[in-house]
Colleague: 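This is the structure I want to talk about, given as structure tokens.
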Amino acid sequence: MGLKTSQLPFETRVKQAKQDKFMQAAVAKAQDAQFDKRTAAREELGHWNEWRALGEQIRKHVIRHLPDYLEEFSLNVEKNGGHVYFAQDAAEATAYIKQIVTKKQAKKIVKSKSMVTTEIDLDQELLQLPGVSLMETDLAEFILQEDNWDEPTHIVFPTLHKNRDQIQKVFQKLGYTGSNDPEEMARFVRGYLRKYFMQADLGITGCNFAIAENGMINLVTNEGNADLTMALPQTQIVVMGMERIVPSLKEAEVLDNLLCRSAVGQKLTSYCTFSTKKLASEVDGPEDLYVVILDNGRSDALNTAFEPILQCIRCGACLNVCPVYRHLGGKGYGSIYPGPMGEVLSPILGGYEEFGELPYACSLCGACTETCPVKIPLHELILEHRKVEMDRLHLDHSFTNTLLKTVGLGTRSSILFKGALLGEHTALKPFSDQKENSVENLYPEGKVASVPRVFPKLLHGWVDIRDLAEPPKAQENFRHWYAQHKRKQKRGGKDGARAQR
């Protein structure tokens, strides 16, 4: 799958998303439910904004001193008997992991949920190796895999777009004969996966936070599958983004509190695990531990206006408040990172040619910035992407760009601007809503003035979704009023002076 999840044009993806009414209803329901849970969990913790400020401080400090903490972490992993590999891009990361799988002669691989492994399309790369099979063990990721590697729609709730009947049909391909009851289906999957776990010889996980001071991996999960992925196979591979690091356990505790409350509205998720290579005194855990630290474009954000996005802890809270995501769902974005955080991150990792439309899938309402637990100014970064695209790279070659340039020329010229004011009433009157504002047409969906079909399609794209007010006549516009007002002031001043004399 990789970073880009669809080859369809952005407008086509948006159109498809708007037609998926179940997905929209599911996203809306989840957003509303998460709002209540998230608010309650944050209030229970108390002093939420102070916690946010502390989280922001930790993440900024780490990003500012990233080389030092990465070096400390890697040295401690190796001190514990593990191995660390720094990968510049997806190709280097997948090549190294494939070498490990081949070297260990691994045939059955279990994986826990990991955005970064999806980013580098690791599953499909490993399945190219002869005799290798792979199983996603997170319930939602397992469903997507068995449904022909369907696209995720949320970074925390990947199968939000599916209902229980659709999931039942997926499981029926595996021999499931039960009902569409979620508990019964989950019990079936548990047994199905347990057999695979017992045969697995290599496990792959992501990493919520890497602890620099001791070389440990911190995973925060709900199902326990990640713990089994670490504990049962003899070999474990951890894949992490280069920014997912904290100085010590103390900072990890702060960020875990922020993450769990923001992601799922809980004090802590069911499993909050810290692990490393198996110790001599332990009965389970990996005999061999490999940590792959991935750049893949992240360093391009360092020392730029976009550096704050590296603070992201992948909680998904910004998705859960975004009004645009509420209508598009994850698939509309065409990236494994949807919503506000994806609108900032995807163009950095994949470039503007692939994801240049995403910064425009935003109303700039600022709800994402307000809810972010580590205070990333998301809507400001989205706006910054627009500035880069328009002002520096000049990527807009559409009719809109031509139109705005024409408007710019006209407004810079006093003669042309005054001429436009004289003719605007006559020119725009046919396109204006002729109805007087009332309760019925205050929000006139489908009631704006229709445009004759003889006009260009581009013009319809503008006025069919906007209620254009009828411009005043030249003798009634603001400039005309202001000139008269100034003349009256002057006359009033002269008359007052005469009266005093």
Colleague: Would you say the side-chain atoms of Glu243 pair up with the backbone N or O of Leu66, donor to acceptor, closer than 3.5 Å?
Modeller: no

Colleague: Any salt bridge between Glu136 and Lys113, counting N to O under 4.0 Å?
Modeller: no

Colleague: Listing request: all salt bridge (charged side-chain N to carboxylate O under 4.0 Å, His left out) pairs with a residue in residues 213-222, at least two apart in sequence or in separate chains.
Modeller: none

Colleague: If we count only N and O atoms by modelled type, under 3.5 Å, do the side chains of Ser133 and Tyr196 hold a donor and an acceptor together?
Modeller: yes

Colleague: For the residue pair Gln236 and Thr229, establish whether any side-chain heavy-atom pair is separated by less than 4.5 Å.
Modeller: no

Colleague: Salt bridge or not between Lys15 and Glu11? Use side-chain N to carboxylate O under 4.0 Å.
Modeller: no

Colleague: Can you tell me which residue pairs pass the ring-ring contact (aromatic ring centres under 6.0 Å, His included) test with a partner in residues 91-126, sequence neighbours excluded?
Modeller: Tyr85-Tyr96

Colleague: Is a side-chain N or O of Gln24 found less than 3.5 angstrom from the main chain of His327, in a donor-acceptor match?
Modeller: yes

Colleague: Locate the shortest heavy-atom distance separating Arg38 from Ala317; write the atom from each residue and the value.
Modeller: CD-CB, 4.4 Å

Colleague: Are a donor atom and an acceptor atom from the side chains of Thr137 and Lys111 found within less than 3.5 Å of each other?
Modeller: no

Colleague: Would you mind checking if Lys60 and Glu56 are paired as a salt bridge, meaning a charged N to carboxylate O distance below 4.0 Å?
Modeller: yes

Colleague: Could you tell me if the side chain of Leu3 sits less than 4.5 Å from the side chain of Phe355, heavy atoms only?
Modeller: yes

Colleague: Contact between Phe157 and Val264 at the side-chain level, heavy atoms closer than 4.5 Å - yes or no?
Modeller: yes

Colleague: Between Ser114 and Thr117 (side chain of the first, backbone of the second, donor and acceptor by atom type, cut-off under 3.5 Å), is there such a pair?
Modeller: yes

Colleague: Run the salt-bridge test on Lys173 and Glu146 with the 4.0 Å N-O cut-off and return the result as yes or no.
Modeller: no

Colleague: Quick check on side-chain hydrogen bond (donor to acceptor under 3.5 Å, both in side chains): which of Asn257, Asn49, Thr371 does Arg42 satisfy it with?
Modeller: Thr371

Colleague: Do His385 and Tyr352 make the cut of ring centroids closer than 6.0 angstrom?
Modeller: yes

Colleague: Check side chain to side chain donor-acceptor pair (under 3.5 Å) between Thr273 and all other residues, then give those that pass, not counting sequence neighbours.
Modeller: Asp227

Colleague: Enumerate the ring-ring contact (aromatic ring centres under 6.0 Å, His included) contacts for residues 260-302, please, sequence neighbours excluded, ordered by first and then second residue.
Modeller: His83-Tyr290

Colleague: Taking 4.0 angstrom as the limit, do Asp147 and Lys169 come out as a salt bridge?
Modeller: no

Colleague: List for me each residue that meets side chain to side chain donor-acceptor pair (under 3.5 Å) alongside Lys108, sequence neighbours excluded, and say none if there are none.
Modeller: Gln199

Colleague: So, do Phe73 and Ile217 sit near enough that their side-chain heavy atoms are less than 4.5 Å apart?
Modeller: yes

Colleague: Within the side chain of Asp295, is there an N or O that forms a donor-acceptor pair under 3.5 Å with the backbone of Gly297?
Modeller: yes

Colleague: Is it the case that over 12 heavy atoms from other parts of the model lie below 6.0 angstrom from the CG atom of Asp36?
Modeller: yes

Colleague: Are the charged groups of Lys104 and Asp288 less than 4.0 angstrom apart, N to O?
Modeller: yes

Colleague: Using only atom types and a distance under 3.5 Å, with no angle test, would you say the side chain of Arg13 pairs donor to acceptor with the backbone of Tyr333?
Modeller: yes

Colleague: Check the pair Phe171 / Ile143 against side-chain contact (heavy atoms from CB on, under 4.5 Å), numbers first and verdict last.
Modeller: CA-CA 8 Å; Phe171 291 166; Ile143 293 169; 3.7 Å; yes

Colleague: Which pairs, with at least one residue in residues 338-361 and sequence neighbours excluded, count as a salt bridge (charged side-chain N to carboxylate O under 4.0 Å, His left out)?
Modeller: Lys4-Glu354

Colleague: Do Asn296 and Glu119 have side-chain atoms, one donor and one acceptor, less than 3.5 Å apart?
Modeller: yes

Colleague: Taking all heavy atoms of Asn163 and all of Phe22, pick out the closest pair and write down the distance.
Modeller: CB-CZ, 3.2 Å

Colleague: Atom CD1 in Ile97, atom OG1 in Thr102: separation rounded to 0.5 Å?
Modeller: 11.5 Å

Colleague: Run the ring-ring contact (aromatic ring centres under 6.0 Å, His included) test against Tyr325 and tell me which residues pass, sequence neighbours left out.
Modeller: His154

Colleague: Which pair of non-hydrogen atoms, one from Thr153 and one from Gly329, has the smallest distance, and what is that distance?
Modeller: OG1-C, 3.8 Å

Colleague: Residues in ring-ring contact (aromatic ring centres under 6.0 Å, His included) with Tyr337, at least two apart?
Modeller: none

Colleague: Looking only at heavy atoms, what is the nearest atom pair of Met341 and Cys312, with distance?
Modeller: CE-SG, 4.0 Å

Colleague: Measuring only between side-chain heavy atoms, which start at C-beta, is Asp256 closer than 4.5 Å to Phe209?
Modeller: yes

Colleague: If the threshold is 4.0 Å, N to carboxylate O, is there a salt bridge linking Arg326 and Asp32?
Modeller: yes

Colleague: Looking at Val220 and Asn208, what are the two nearest heavy atoms and their distance?
Modeller: N-OD1, 2.7 Å

Colleague: Does any N or O in the side chain of Asn80 come within less than 3.5 Å of the main-chain N or O of Gly82, such that one atom is a donor and the other an acceptor?
Modeller: no

Colleague: Measure the spacing between CG of Leu255 and NZ of Lys250 and express it to the nearest 0.5 Å.
Modeller: 12.5 Å

Colleague: Checking Glu251 side chain against Ser248 main chain: does a donor-acceptor pair fall under 3.5 Å?
Modeller: yes

Colleague: Could you tell me if the side chain of Met240 sits less than 4.5 Å from the side chain of Val291, heavy atoms only?
Modeller: yes

Colleague: If you draw a 6.0 Å radius around CD in Glu307, do more than 12 non-hydrogen atoms from other residues or ligands fall strictly inside?
Modeller: yes

Colleague: Got more than 12 heavy atoms from elsewhere within 6.0 Å of CD, Gln166?
Modeller: yes

Colleague: What residue pairs, at least two apart or across chains, pass ring-ring contact (aromatic ring centres under 6.0 Å, His included) with a residue in residues 29-55?
Modeller: none

Colleague: Taking ring-ring contact (aromatic ring centres under 6.0 Å, His included) as the definition, give me every residue that meets it alongside Phe197, ordered by chain and number, with sequence neighbours left out.
Modeller: none

Colleague: Considering non-hydrogen atoms only, spot the tightest contact between Val324 and Ser363 and give its length.
Modeller: CG2-N, 4.0 Å

Colleague: Between Tyr176 and Tyr192, is the gap from one ring center to the other below 6.0 Å?
Modeller: no

Colleague: Checking side-chain polar atoms at under 3.5 Å, does Asn180 have a donor or acceptor matched by the opposite partner on Asp165?
Modeller: yes

Colleague: Does the side chain of Glu151 come under 3.5 Å of the side chain of Ser6 through a donor N or O and an acceptor N or O?
Modeller: no

Colleague: Are the side chains of Asn218 and Cys207 in contact, using a 4.5 Å heavy-atom criterion?
Modeller: no

Colleague: Arg386 side chain to Leu381 main-chain N or O, any donor-acceptor pair under 3.5 Å?
Modeller: no

Colleague: What pairs meet the salt bridge (charged side-chain N to carboxylate O under 4.0 Å, His left out) rule with one or both residues in residues 70-93, with sequence neighbours excluded?
Modeller: none

Colleague: Does CD in Gln128 sit with more than 12 non-hydrogen atoms of other residues, nucleotides or ligands closer than 6.0 Å?
Modeller: yes

Colleague: Ignoring hydrogens and angles, tell me if any N or O in the side chain of Asp201 forms a donor-acceptor pair with the backbone of Thr235 under 3.5 Å.
Modeller: no

Colleague: Under the ring-ring contact (aromatic ring centres under 6.0 Å, His included) test, which residues partner Tyr69, sequence neighbours left out?
Modeller: His61

Colleague: Ignoring hydrogens and angles, tell me if any N or O in the side chain of Gln311 forms a donor-acceptor pair with the backbone of Val374 under 3.5 Å.
Modeller: yes

